[in-house]
Every structure is written in structure tokens, then in C-alpha cells.
Number of protein chains: 2
Amino acid sequence: MSATVPAAEAPMRQRILDLAEEMLLSRGYEGFSYQDIADAIGIRKASIHHHFASKEDLGSAIVERSRIRLAEARGPVVEDAARIRKLLDNYFRFFERLAEEGKKLCLGGRLAADQMVLPEAVRVPHRAFLGDNETWLTELMRAGQKTGVITRAQSAADLALLLRATIQGAVQIARSSGSVDPYRRIVRQLKQQLLA
Amino acid sequence: MSATVPAAEAPMRQRILDLAEEMLLSRGYEGFSYQDIADAIGIRKASIHHHFASKEDLGSAIVERSRIRLAEARGPVVEDAARIRKLLDNYFRFFERLAEEGKKLCLGGRLAADQMVLPEAVRVPHRAFLGDNETWLTELMRAGQKTGVITRAQSAADLALLLRATIQGAVQIARSSGSVDPYRRIVRQLKQQLLA
DNA sequence: GTCTATAGCGGGATAGAC
DNA sequence: GTCTATCCCGCTATAGAC
């Protein structure tokens with residue numbers, strides 16, 4: 001459990017990664033440049049090439065980091081009703097925070113939108129990221145059904161798909177409306193259907 | 001009711017608009033250039049500036065055209081069960097066609113993803129487009145409830161929001177998976193909940 | 001209405017000094 | 001590890017001939 005390091009004192013590689021991720025999620029892969037990052041940190045763009053030789057490297061590093069983080073943050077899906085409820089709640093709240101900020105999209109949805117302009121070196125980890133998500137969410141749905149937390153009878157895979165689509169759309173709609181409210185209203189209905 | 005003109009013989013302004021829309025929906029606002037359009041048509045990029053002085057003009061023209069088209073295509077929401085069912089079906093099939101092609105996103109979702117890099121001249125008609133959609137969908141939901149086609153009790157506005165979020169997410173997930181299948185599985189569940 | 005030519009900018013990337 | 005300087009490219013946009 002590493003201590004949180006203030007942004008200004010974090011190692012440069014991490015500061016670049018953090019800033020680039022922020023910009024990627026809000027503006028898209030083509031919407032930020034080495035110049036933008038350099039200006040925000042107060043260094044020259046050539047210095048960024050020292051840490052990430054190419055933009056592809058930077059892009060794929062962002063995705064890989066998120067993939068690892070998610071795997072750690074989610075932990076195992078054990079078949080315990082309280083645990084399942086907790087995991088589901090965390091899931092909804094993660095995206096609610098994005099909707100509250102109103103600037104960023106979720107990584108999966110962001111890169112899905114950008115996919116036609118992504119270099120292959122970024123598309124590959126993105127696909128892996130999506131696969132991880134799908135797998136975990138499907139497990140969660142299945143465990144939810146077994147423990148009675150989720151009452152719907154469809155296949156767990158179908159439920160996972162519905163959940164992800166709805167959340168992804170909700171985050172985007174909230175951002176484009178400039179308010180969290182749509183997110184909350186959509187998720188309230190989604191929960192009702194899933195947990196009713 | 002105007003006859004459909006083959007692309008190669010359509011007026012140049014329209015050919016540019018068609019191609020630019022195609023590219024916008026698949027690659028995003030920053031993902032296509034005057035050069036791309038010029039190459040595809042077989043003219044020089046300077047010629048495009050004759051029809052659309054700036055990229056903003058081209059962008060906003062695309063959105064305005066879609067707005068008008070949609071208003072015409074949808075027609076009035078009359079409170080007749082068969083009519084409502086028909087309209088809902090058309091709605092789902094419109095997006096299913098996008099998912100089948102697997103290249104484009106819907107205009108609302110595409111520009112929502114791009115919004116942080118859109119010039120104000122494109123954002124304005126986009127907001128109007130989203131507003132039109134929201135209004136029409138809400139009317140449709142209300143009429144659906146009155147005629148008994150839709151059995152859910154939530155507010156029509158909430159249902160409209162849920163519908164739009166789910167569809168928008170479904171189109172994106174289908175495209176990033178390279179198959180219509182996810183779209184169909186998501187929409188099947190959505191219909192079940194709405195119409196059950 | 002289309003062309004050639006070019007301006008002016010910003011992008012990613014590299015070489016080499018410090 | 002950061003810097004200056006520079007390269008080459010593609011972008012939007014404009015001027016002016018045809």
C-alpha cells in the first residue's frame with residue numbers, strides 16, 4: 001500500500017501518465033499533444049519523448065496501467081450477498097464520480113469512440129481491457145444471481161452487456177448535458193430492473 | 001418526395017456533405033480532413049472551401065441536415081398502439097443498421113464523445129439535435145404508456161433517458177466488438193423491460 | 001466551380017549540447 | 001533528464017488564375 005505522492009513531487013513518468021490520462025479521457029486520443037502535456041507540467045515536449053518515445057507508447061502505457069489498477073481494485077468475486085452488493089455499488093459509484101466531474105469519459109468508452117483513429121499499439125491493450133471488464137462483470141452477474149442479489153433470469157453475459165452499455169451511455173449523456181442528474185436517473189432505473 | 005440521385009451525379013455540395021458525414025461518424029470531428037474528402041471525391045481540397053468556407057461550416061451543416069431529416073422521418077407521435085409500436089421498431093432498427101455496418105456511431109453519441117474538441121459552431125446545433133431527440137423520445141414514451149404499449153410506471157422523461165443511454169452504449173459496444181450481436185442482445189433485454 | 005500555389009500553424013519525432 | 005534547435009509532415013485556410 002504505497003503512500004499517495006503529491007502530483008508535483010511524483011516521479012516525472014507518473015506525472016506525465018496522469019496528465020495524459022486526464023487529457024485522453026476528456027479530449028480523446030487525437031485531442032491532446034505532447035505540447036499540451038509539456039505546457040501543463042512546465043517542461044519541453046522533447047523531455048516527454050525521453051519517458052515515452054512515441055505517442056503510441058504513451059497511449060498503451062495509459063491503458064495498461066488502468067488495466068492493472070482495475071484488476072487490483074476489484075478483487076475477487078466471492079459468492080456472498082453483501083460482498084456482491086458492495087462490488088455493484090462501487091461499480092456504480094466509480095462512474096458516478098466521472099459523471100459528477102463532467103469532463104472525462106470512462107476509458108473503455110473513450111477508446112471505443114476513438115477506435116478508428118487509434119494506432120494498433122493502443123487498440124491491442126484496449127481490447128484486453130474490454131475483455132477483462134466483460135469477464136469480471138459477467139462473473140459478478142452470475143454471483144449476483146446465485147446469491148439472489150440479482151433477480152433477473154437472463155444469462156449473466158447478457159446482463160453484463162446490458163449493464164455496461166447503459167452505464168457507458170449514461171456517462172456520456174451526463175457529460176453532454178452538463179449535469180450528473182441524467183446519470184442518476186438512468187442508474188436508478190437500471191438498479192430497479194436488475195435488483196427488483 | 002425527391003428521387004434518389006446516384007452519389008456520383010449528385011450536386012457537389014451534397015456529395016461533400018455525404019462523405020463528410022460518413023467520415024465524421026466513423027472517425028470523429030478531428031479524424032477527417034478536407035484532404036480526405038478531396039481524395040475520395042477526386043477534386044482538390046481548395047474546391048471544398050468553395051462549398052464550405054470552413055470546417056466549422058461543414059460540421060454544423062452536417063448536424064443541421066441530420067436534424068431536419070430526423071424531424072421529417074419521425075413524423076408526429078399519435079396515440080395509437082400500432083403506430084407507437086411501429087415508431088419504436090423503426091427507432092431500434094435505425095441503430096441496428098449502424099451496428100451492422102460496424103463503422104459509424106450515431107450522430108448524437110459521436111459528437112457527445114467529441115464535444116471537448118468541437119468548435120462552438122458545431123456544439124450549438126448538436127445541443128439542438130439532442131434536445132429534439134429528447135423531446136420526441138419523451139413524447140413517444142408518454143404515448144406508449146397511454147396506449148399500453150409501454151408498461152413501465154416511471155416518468156416518460158426517465159424512460160426516454162434510459163432508452164437513449166442504452167442504445168447509445170449498445171451501438172458503441174457493438175462497433176468495438178466487431179459484431180452486431182451485442183447490440184441485439186442488449187436491445188432484446190431493453191425491449192423486454194420496456195414492453196413486458 | 002475548380003485549379004495551383006502558398007501561407008501559417010501545430011503535430012510527432014530526432015540530434016546533440018548540457 | 002532536460003534542454004535548444006530542427007525536420008518533416010498534414011492540417012485549415014486564402015489568393016488569384018482559368
Side-chain angles (χ1 to χ4, degrees), chain A residues 5-63 110-111 114 116-123 125, chain B residues 5-63 111 114 116-123:
Chain A
V5 181
E9 285 149 36
M12 186 55 72
R13 186 187 154 89
Q14 187 191 316
R15 291 182 65 192
I16 294 168
L17 223 36
D18 290 343
L19 252 166
E21 182 179 312
E22 195 89 10
M23 291 177 178
L24 170 64
L25 295 183
S26 67
R27 306 176 54 88
Y29 186 79
E30 288 191 316
F32 75 97
S33 68
Y34 274 37
Q35 190 63 63
D36 294 332
I37 300 168
D39 290 347
I41 294 184
I43 54 175
R44 301 288 156 172
K45 61 178 178 171
S47 306
I48 300 177
H49 282 282
H50 173 76
H51 299 278
F52 300 96
S54 72
K55 198 179 178 182
E56 294 184 6
D57 294 336
L58 176 52
S60 68
I62 293 170
V63 184
R110 172 75 265 170
L111 296 183
D114 294 346
M116 301 300 278
V117 295
L118 286 184
E120 195 59 24
V122 180
R123 255 187 251 181
Chain B
V5 181
E9 284 148 36
M12 187 54 73
R13 187 187 153 90
Q14 187 191 314
R15 290 181 64 193
I16 294 169
L17 223 35
D18 290 344
L19 253 167
E21 181 177 313
E22 196 87 9
M23 291 177 178
L24 170 64
L25 295 183
S26 67
R27 306 175 53 88
Y29 186 78
E30 288 190 317
F32 75 98
S33 68
Y34 274 36
Q35 190 62 62
D36 294 331
I37 300 168
D39 290 346
I41 294 184
I43 55 176
R44 301 288 156 172
K45 60 180 176 169
S47 307
I48 300 177
H49 283 281
H50 173 77
H51 299 278
F52 300 95
S54 72
K55 197 179 176 182
E56 293 184 6
D57 294 336
L58 176 54
S60 67
I62 292 169
V63 184
L111 296 183
D114 294 346
M116 301 299 279
V117 294
L118 286 184
E120 195 59 23
V122 181
R123 255 187 252 181

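Bear in mind that the values here come from a model prediction, so they are computed numbers and not experimental data. Letters A, B, ... mirror the listed sequences (proteins, then strands); counts begin at 1.
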Separation of C:dG1 atom P from B:R13 atom CZ, nearest Å, is 11 Å
### Task
Check whether any side-chain heavy atom of A:Y29 lies under 4.5 Å from a side-chain heavy atom of A:R110, and answer yes or no.
no
A:L58 atom CG is separated from C:dG12 atom C1', nearest whole Å, by 12 Å
Atom CD1 of A:I16 and atom P of D:dG1 are separated, to the nearest Å, by 10 Å
Looking at C:dG1, I'd like to know if its phosphate oxygens (OP1 or OP2) sit under 4.0 Å from a side-chain N or O belonging to B:H50. yes
Self-check item: Check: A:D36 and A:L19 side chains under 4.5 Å, non-hydrogen atoms
Solution: no
Residues of residues 22-45 of chain A with a heavy atom under 4.0 Å from any atom of DNA chain C, listed by number, are A:F32, A:S33, A:Y34, A:Q35, A:K45
When rounded to whole Å, the CZ to P distance for the pair B:F52 and D:dT14 reads 16 Å
Give a yes/no on whether any side-chain N or O of A:S47 is located under 4.0 angstrom from OP1 or OP2 of D:dC3. yes
Would you say A:R123's side chain and A:L118's backbone share a donor-acceptor pair under 3.5 angstrom? yes
Closest of D:dT12, D:dT2, C:dG1 to the A:H51 side chain is D:dT2
- Does the side chain of A:F32 come within less than 4.5 Å of B:M116's, by heavy atoms? no
With heavy-atom distances below 4.5 Å as the criterion, would you say the side chains of A:M23 and A:I37 are in contact? yes
In whole angstroms, the gap separating C1' of D:dT12 from NE2 of B:H49 amounts to 5 Å
Residues A:F52 and A:I16: closest non-hydrogen pair is CE1-CG2, 3.7 Å
Against the side chain of B:S54, the closest entry in D:dA15, C:dT2, D:dA13 is D:dA13
